[in-house]
**Q** 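Before I ask anything, here is the structure I am working with.
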Amino acid sequence: MESYTTPTRPRVYKQMSQEGYDHATVEERWQEAWDDAAVYHVPDEASDPTYVLGMYPYPSGKLHMGHVRNYTITDAYARYRRMRGDDVLHPMGWDAFGLPAENAAKERDTNPRDWTFDCIDTMRGQMKSMGFGYDWDREVTTCTPEYYRWNQWLFRRFHEAGLVERRDAEVNWCPSCETVLADEQVEGDAELCWRCDTPVETRELDQWFLKITEYADDLLEAIDELEGWPNSVRQMQRNWIGRQYGTTLDFHVDGHGPVEAFTTRVDTIHGATFFAVAPDHPISEELAEEDDDVRRFIEEEADPDGDEPNGVATGLSATNPATGEEIPVFVADFVLSDVGTGALMAVPGHDERDHAFAEKMGVEIRPVVAPEPDGWDGETVPEAPDVSEAAFTDDGVLINSGEYSGLDSETARERLTEAIDSAAESTQYQLRDWGISRQRYWGTPIPMVHCDDCGAVPVPDEDLPVELPEFINTTGNPLDAADEWQETTCPECGGAATRETDTMDTFVDSSWYFLRYVSPDLEDAPFDLDRANDWMPVDQYVGGIEHAVMHLLYSRFFTKVLADEEGLEHREPFTNLLAQGMVQLEGEKMSKSKGNVVSPQRIVDEYGADTARLFMMQAAQPERDFDWSEEGVKSTHRFLTRLNDLVEAYAAGDVATAGDGDAEAADRDEIDDYVADETDAAVAIAGAEYDDLTFNVALREAQDLVGTLRSYREHADPHPDVFERGVDVAVRLLAPVAPHLAEELWETLGRDGFVAEAEWPTASVDRDTVERRRRLVANTREDVRDIVEVAGIDDPERIDVVVAPDWKYDALEIAIDSDADNLISELMGESHIREQGDAAASYGQDLQANREALRETLDGDAEYDALRAAAWLIEREFDAPVRVERAADADESVVSKAEPGRPAIDIVE
RNA sequence: GCGGGGGUGGCUGAGCCUGGCCAAAAGCGGCGGACUUAAGAUCCGCUCCUGUAGAGGUUCGAGGGUUCGAAUCCCUUCCCCCGCACCA
């Protein structure tokens, strides 16, 4: 670990009042101290550090609450792991390419680079003021040539591996901006450009693709192993990949030869009563040239986005390869060219959409599958279902299918696929290859040159990076206007050639940035392979659900390719993924357009970063949405102020302790035990909850402990050791979330070093014991209240609490362990129980009656100790002395009511 | 339509996986009390119904089932949210 010296700046003056503490000074001071001591730096020699990562932000200019929440989660976890003794890798960087910078540059007459770096500077400053403990030595900025050259290098490796393809594609094109838009940048049903509201057109363009579909099976199947991921994200990725098993087969269409169709239900082929092709299917386009109806339909009527299935008869017929039957061919808009083969056999009896179309066009609807009858013998051909009103879409038993009648659907599919000549098993995916071409300036230039003789040729590694030219403020793609930049020579033939002007989708940058953090300055490779093998995968990744598919799928894809091509020993990048919830205001997502944005900057200025962080972490579990509440922030701030005041008062000697602060001389009372127990309890629970990232529960324990300490101080002269440990523990439990104040108070307590590097406290109890003890105390207090209220006791004079005799604990334990039929006789086998006579028999009967419900309790000694320790709570509440007694010391008539887990209570009026 | 996640007391929301210590955490709101000249803050309680000694009754969307025992497990059903979708 790094060495450091404790800062020795002058002590900060802190107000001892409800006004709060001087958060600005405290926070600044420790941010500098951490910085000076490089507390968050991970040396390259570290062995397998815990890798905690938040999705790096787009540098839009300012942090918003979503960022603050995201990065507080990772920071808190990183700090917790560090206190647990781990080396922690917790880096930050910038997703710094992207269109907004280009637009901003145009508006402000500057260039994207300057604008982006300004934003980064601002946001980095805000992150530092939040106290996020990043290893800034590993900062990564994707828009620098030092980073994006590796995008180009990786593109080349993908190219060599046959995973890059250039082909024609239909893209969203905004004629006003003169650029391609991603699907998500096209808004609303009217399909308007997100930026200028111009209706988007489609264009055919040569585009570069990464062949992610080659990895479809791997990406899909490995999802099952991603046990640290939320089910929702796993399911979304499965849907996105959308693998389907089915059959391809040919239908002969007059004059057009065989036309391939894909179906998952070849078992229904005897019910195929028409054939349909997409409006942009080659056959449709051929037909349109000679058939006016078809042309009019394609050009005017076809509406693939409408709810109604529309179509036009072609007058052609197709031959059903199973039956030889001639069936009509339609051009229909519900057939999509990018699904399956763009042509389908339609079975109206067993497909709802086909059914609707058949009804509309008056095509025959023929049932060929019947529901499997109850207790079906596997042979009998059942009655046909009524499919006139609605399709029967389940698997079942074939009917009206010639020799196949009587087979179940699954068997029929296998046999038919085998029997039909042109049929073959086929797997279809919804996943498409990833089009990475963008006609924009502010991205990674795709490292290809176009040579008239050699075609598209990759730029050799030694010529990388292909750097962006100066930004030119123009409409369309500034790279198209950069004539000089485009001019180059062909790496293969040396002739004149031009550079590719497309840049890469910024998702390329983010598909491997988590690897760059491992060796951010490496100059001969994107990442140090050995170190990546040691440090990867990311142990805990945190980010918004909006990246469930895109970024998280692309990153998985890259990781797998790097494993196959570059020797990376990991096939998945992120072991545990947390999709954090939204920060809302009055149930609505914060957004600029709604004008309901709460500025993190304002909160930090007004209350401090610790307040903002603590409020967010205790408000809800990290994966849930929660409402921002100014009231909640204030209450959190008051809590921190109380904590500060308490520690200050203690350090200043204003807490009157027993023995005048001399632990040796101080008597240790029951209340001291209570506080010591509660301190342990808080440690036991908070640790486990931090492990689970349920910060809200962990923090509740820490906050409750502070409350307990305050009561302790009010109610007694605290034992110096107990009080000090309580305060010390509270500070450490809060340190991951409220690091600045914790650091300040750590110093106030006279501790050496940083609390950020302090050891996590350990507990001498387990959670079960804590819960039993708390339950016992809470139940007993409630019972006393009940009695006082129900019996109408106004002013109790004394309250006796008597723990059950030892033999009852023994009897209970025997009863729990025993599986004898007659529990009483088993109990009576124990002489010390038998000696109790009627009492033993009576308790034995109780146990027998509730045998299945018996639960372990604390033992008699532990119950006695716990109740004695908690007696002050009852005394305080009822203003009467409380006597906690062992059974042997109490009156028999009272003792008889005591049971394990339930002491006898006697209230003297 | 398919897939995922939900429906808990005045509200928010935990518990459900691993059934019993669950009339059900915590917070908010409301009520009472302490402190204060007062307010705020803080602290102590109460907050389903009945009850003169810790009890009983009725509750966890609805209906049914399993079990000695169900908020928790199973089936059916209704409703809400999210993702995908004329996906062949």
Side-chain angles (χ1 to χ4, degrees), chain A residues 17-19 230-240 242 244 246-248 261-266 268 272 276 278 303-310 332-336 338-347 351-354 356-357 393 428-430 545 548-549 587 618-621 623-627 629 631-632 634-635 638 641-642 645 694 696-697 700 703-704 707 710-711 714-715 771-772 774-776 778-793 849-857 873 876-879 897 900-907 909:
Chain A
S17 76
Q18 295 162 15
E19 299 303 309
N231 282 332
S232 57
V233 174
R234 294 161 82 186
Q235 195 56 41
M236 281 163 78
Q237 293 210 350
R238 287 192 191 103
N239 289 343
W240 189 261
Q244 269 188 315
T247 303
T248 51
F262 173 78
T263 178
T264 55
R265 292 298 304 274
V266 72
T268 63
D303 175 17
D305 297 322
D307 293 334
E308 269 286 280
N310 302 306
D333 62 2
F334 68 86
V335 185
L336 307 175
D338 61 348
V339 174
T341 61
L344 57 85
M345 68 171 211
V347 185
D351 181 281
E352 282 170 22
R353 187 203 47 228
D354 296 349
F357 189 79
T393 57
Q428 297 279 323
Y429 300 89
Q430 215 160 294
I545 188 76
V549 174
Q618 52 109 71
Q621 287 178 28
E623 51 274 287
R624 303 188 90 95
D625 296 344
F626 80 95
D627 253 23
S629 137
E631 220 20 74
K634 286 187 177 143
S635 140
R638 286 194 299 265
T641 303
R642 291 198 295 277
D645 290 350
T694 39
N696 56 327
V697 181
R700 186 162 69 224
Q703 292 184 294
D704 285 352
R710 281 165 55 85
S711 299
E714 285 294 307
H715 195 77
E771 271 152 31
R772 284 179 194 159
R774 286 184 174 172
R775 175 58 56 185
L776 173 72
N779 284 349
T780 305
R781 293 176 70 189
E782 270 167 40
D783 285 345
V784 174
R785 275 175 219 135
D786 275 354
I787 294 168
V788 167
E789 193 191 317
V790 174
I793 300 168
N850 299 300
R851 251 180 112 171
E852 323 269 352
L854 299 177
R855 288 296 204 95
E856 263 186 71
T857 63
L873 290 166
R876 182 181 65 177
E877 185 175 340
F878 297 94
D879 198 22
K897 282 189 276 185
R902 190 168 184 271
I905 296 165
D906 188 47
I907 300 177
E909 278 192 79

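Every chain is numbered from 1, with letters handed out A, B, ... down the list of sequences.
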**Q** Between A/Arg265 and B/A88, is there a side-chain N or O to OP1/OP2 distance below 4.0 Å?
**A**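 Answer is no, no contact under 4.0 Å.
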**Q** If you find the nucleotide of RNA chain B closest to A/Val335 and the one closest to A/Asp704, which residue's nucleotide is nearer the 5' end?
**A**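 The residue closer to the strand's 5' end, by nearest nucleotide, is A/Asp704.
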**Q** Using a cut-off of less than 4.0 Å, is there contact between a side-chain N or O of A/Arg855 and OP1 or OP2 of B/G20?
**A**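 True: A/Arg855 side-chain N/O within range (under 4.0 Å) of B/G20 OP1/OP2.
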**Q** When all nucleic acid strands are considered with a 4.0 Å heavy-atom cut-off, which category describes A/Arg876: base, sugar-phosphate, or nothing?
**A**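 It contacts sugar-phosphate atoms only.
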**Q** Between atom CZ in A/Arg774 and atom P in B/A26, what is the gap in whole Å?
**A**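 One finds 11 Å between P of B/A26 and CZ of A/Arg774, rounded.
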**Q** According to the Watson-Crick and G-U wobble definitions, with both distances under 3.5 Å, which nucleotide is paired to B/C21?
**A**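 Base partner found: none.
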**Q** What interatomic distance, in whole Å, is found between P of B/G10 and the corresponding atom of B/C49?
**A**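 Here B/C49 and B/G10 have their P atoms 10 Å from each other.
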**Q** Just to verify, what does A/Arg772 make a side chain to side chain contact (heavy atoms under 4.5 Å, CB included) with, not counting sequence neighbours?
**A**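 Partners of A/Arg772 under the side chain to side chain contact (heavy atoms under 4.5 Å, CB included) test: A/Asp768, A/Glu856, A/Leu858.
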**Q** State whether A/Arg238 places a side-chain N or O below 4.0 Å from either non-bridging phosphate oxygen (OP1 or OP2) of B/G3.
**A**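 No, no such contact exists.
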**Q** Determine which nucleotide pairs with B/G51, using a 3.5 Å limit on both distances of a Watson-Crick or G-U wobble pair.
**A**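 Per the H-bond distance test, none.
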**Q** Please check if the side chain of A/Asn310 supplies one atom and the backbone of A/Asp333 the other of a donor-acceptor pair under 3.5 Å.
**A**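 No: the side chain of A/Asn310 does not pair with the backbone of A/Asp333.
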**Q** If I take atom CZ in residue A/Arg775 and atom C1' in nucleotide B/G15, what distance separates them, rounded to the nearest angstrom?
**A**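 About 12 Å, once rounded to whole Å.
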**Q** Strictly by Watson-Crick or wobble contacts shorter than 3.5 Å, is anything paired with B/G1, and which nucleotide is it?
**A**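 Partner of B/G1: B/C84.
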**Q** What interatomic distance, in whole Å, is found between C1' of B/G19 and the corresponding atom of B/A70?
**A**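 Those two atoms are separated by 6 Å.
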**Q** Under a plain distance cut-off of 3.5 Å, with no hydrogens placed, do A/Gln235 and A/Arg238 share a side-chain donor-acceptor pair?
**A**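 There is such a pair (donor and acceptor under 3.5 Å, judged by atom type) between the side chains of A/Arg238 and A/Gln235.
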**Q** Has A/Arg353 got a side-chain N or O lying under 4.0 Å from the OP1 or OP2 atom of B/C87?
**A**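 It does, given that an N or O in the side chain of A/Arg353 lies less than 4.0 Å from OP1 or OP2 of B/C87.
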**Q** Grab the CD-P distance between A/Glu308 and B/C86 for me, whole Å please.
**A**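 The distance from CD of A/Glu308 to P of B/C86 comes to 16 Å, rounded to the nearest Å.
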**Q** Taking N or O atoms only and anything under 3.5 Å, show me the protein contacts with nucleotides 5-12 of chain B, one pair per line.
**A**
none

**Q** Tabulate atom names and distances for all N/O pairs under 3.5 angstrom spanning the protein and nucleotides 28-36 of chain B.
**A**
none

**Q** Whole angstrom is fine here: how far is it from CZ in A/Phe334 over to C1' in B/G1?
**A**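 Taking CZ of A/Phe334 and C1' of B/G1, I get 16 Å after rounding.
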**Q** Mapping A/Thr264 and A/Arg781 onto RNA chain B by nearest heavy atom, which one lands closer to the 5' end?
**A**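 Whichever sits nearer the 5' end wins; that is A/Arg781.
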**Q** State the CZ-OG1 distance between A/Arg902 and A/Thr780, to the nearest 0.5 angstrom.
**A**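 Spacing of CZ (A/Arg902) from OG1 (A/Thr780) equals 9.5 Å.
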**Q** In whole Å, I'd like the distance from the CZ atom of A/Phe626 to the P atom of B/G27.
**A**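 Between P of B/G27 and CZ of A/Phe626: 18 Å.
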**Q** Measure from the side chain of A/Arg772, starting at C-beta and using heavy atoms only, and say which of B/C44, B/C86, B/C21 lies closest.
**A**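 Of all the options, the side chain of A/Arg772 is nearest to B/C21.
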**Q** Which listed nucleotide (B/C86, B/G4, B/C44) is nearest to the side chain of A/Gln235?
**A**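 My answer, after comparing the listed nucleotides, is B/G4.
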**Q** Tell me what A/Leu336 touches on the nucleic acid: a base, only sugar-phosphate, or nothing, going by heavy atoms under 4.0 Å.
**A**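 The answer is base, as A/Leu336 lies within the cut-off (heavy atoms under 4.0 Å) of a base atom.
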**Q** If I take atom CE in residue A/Met236 and atom P in nucleotide B/G4, what distance separates them, rounded to the nearest angstrom?
**A**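 That distance rounds to 13 Å.
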**Q** Classify the nucleic acid contact of A/Asp303 as base, sugar-phosphate or nothing, counting any heavy atom under 4.0 Å across all strands shown.
**A**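 Base contact - A/Asp303 has a heavy atom under 4.0 Å of at least one base atom.
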**Q** Find the distance A/Asp338:CG to B/A85:C1' and express it as a whole number of Å.
**A**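 Nearest whole value for this atom pair: 12 Å.
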**Q** Contact class for A/Gly901 vs. all strands (heavy atom < 4.0 Å): base, sugar-phosphate, or nothing?
**A**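 Nothing, no heavy atom under 4.0 Å.
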**Q** Look through every strand shown and name the nucleotide pairing with B/C46 as Watson-Crick or G-U wobble, where both distances are under 3.5 Å.
**A**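 In the structure as shown, B/C46 has B/G30 as its Watson-Crick or wobble partner.
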**Q** Excluding sequence neighbours, so at least two apart, what forms side chain to side chain contact (heavy atoms under 4.5 Å, CB included) with A/Ala904?
**A**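 Checked A/Ala904 against side chain to side chain contact (heavy atoms under 4.5 Å, CB included); matches are A/Val802, A/Val894, A/Lys897, A/Ala898.
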**Q** Between N or O atoms, less than 3.5 Å apart, protein on one side and nucleotides 46-56 of chain B on the other: list the pairs.
**A**
{"residue": "B/C46", "atom": "OP1", "partner": "A/Arg785", "partner atom": "NH1", "Å": "3.1"}
{"residue": "B/U52", "atom": "O4'", "partner": "A/Val790", "partner atom": "O", "Å": "3.0"}
{"residue": "B/A53", "atom": "N6", "partner": "A/Ile907", "partner atom": "O", "Å": "2.6"}
{"residue": "B/A53", "atom": "N1", "partner": "A/Ile907", "partner atom": "N", "Å": "2.9"}
{"residue": "B/G54", "atom": "O2'", "partner": "A/Asp783", "partner atom": "OD1", "Å": "2.6"}
{"residue": "B/G54", "atom": "N1", "partner": "A/Pro903", "partner atom": "O", "Å": "3.1"}
{"residue": "B/G54", "atom": "N2", "partner": "A/Asp783", "partner atom": "OD2", "Å": "3.0"}
{"residue": "B/G54", "atom": "N2", "partner": "A/Pro903", "partner atom": "O", "Å": "2.9"}
{"residue": "B/G54", "atom": "N3", "partner": "A/Asp783", "partner atom": "OD2", "Å": "3.3"}
{"residue": "B/A55", "atom": "OP1", "partner": "A/Arg902", "partner atom": "NH2", "Å": "2.7"}

**Q** What distance, rounded to whole Å, do you find between the two P atoms, one in B/C31 and one in B/C78?
**A**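 Those two atoms are separated by 43 Å.
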**Q** When the P atoms of B/G56 and B/A24 are compared, how many Å lie between them, rounded to an integer?
**A**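 Comparing P positions in B/A24 and B/G56 gives a spacing of 13 Å.
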**Q** What is the distance, rounded to the nearest whole Å, between atom CD of A/Glu352 and atom C1' of B/A88?
**A**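 Atom CD in A/Glu352 sits about 13 Å away from atom C1' in B/A88.
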**Q** Using the test side chain to side chain contact (heavy atoms under 4.5 Å, CB included), find all partners of A/Glu877 that sit at least two apart in sequence or belong to another chain.
**A**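 A/Glu877 satisfies side chain to side chain contact (heavy atoms under 4.5 Å, CB included) with A/Arg781, A/Arg785 only.
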**Q** Output the single nucleotide from B/C86, B/C87, B/U42 whose closest atom is nearest the side chain of A/Pro309.
**A**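 Closest of the options to the side chain of A/Pro309: B/C86.
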**Q** For the P atoms, the ones on B/C44 and on B/A26, what distance do you get once it is rounded to whole angstrom?
**A**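 Comparing P positions in B/C44 and B/A26 gives a spacing of 12 Å.
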**Q** With a 4.0 Å cut-off on heavy atoms, is A/Gln244 in touch with a base, just the backbone sugar-phosphate, or nothing at all?
**A**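 Contact class for A/Gln244: sugar-phosphate only.
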**Q** Between B/A85 and A/Gln430, is there an OP1 or OP2 to side-chain N/O distance shorter than 4.0 Å?
**A**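 Answer is no, no contact under 4.0 Å.
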**Q** A/Asn239 has a side chain; which of B/A88, B/C44, B/G3 sits nearest to it?
**A**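 Of the candidates, B/G3 comes closest.
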**Q** Using the P atom as the reference point in each nucleotide, state the distance between B/U8 and B/C80 in Å, no decimals.
**A**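 Rounded to whole Å, the distance is 14 Å.
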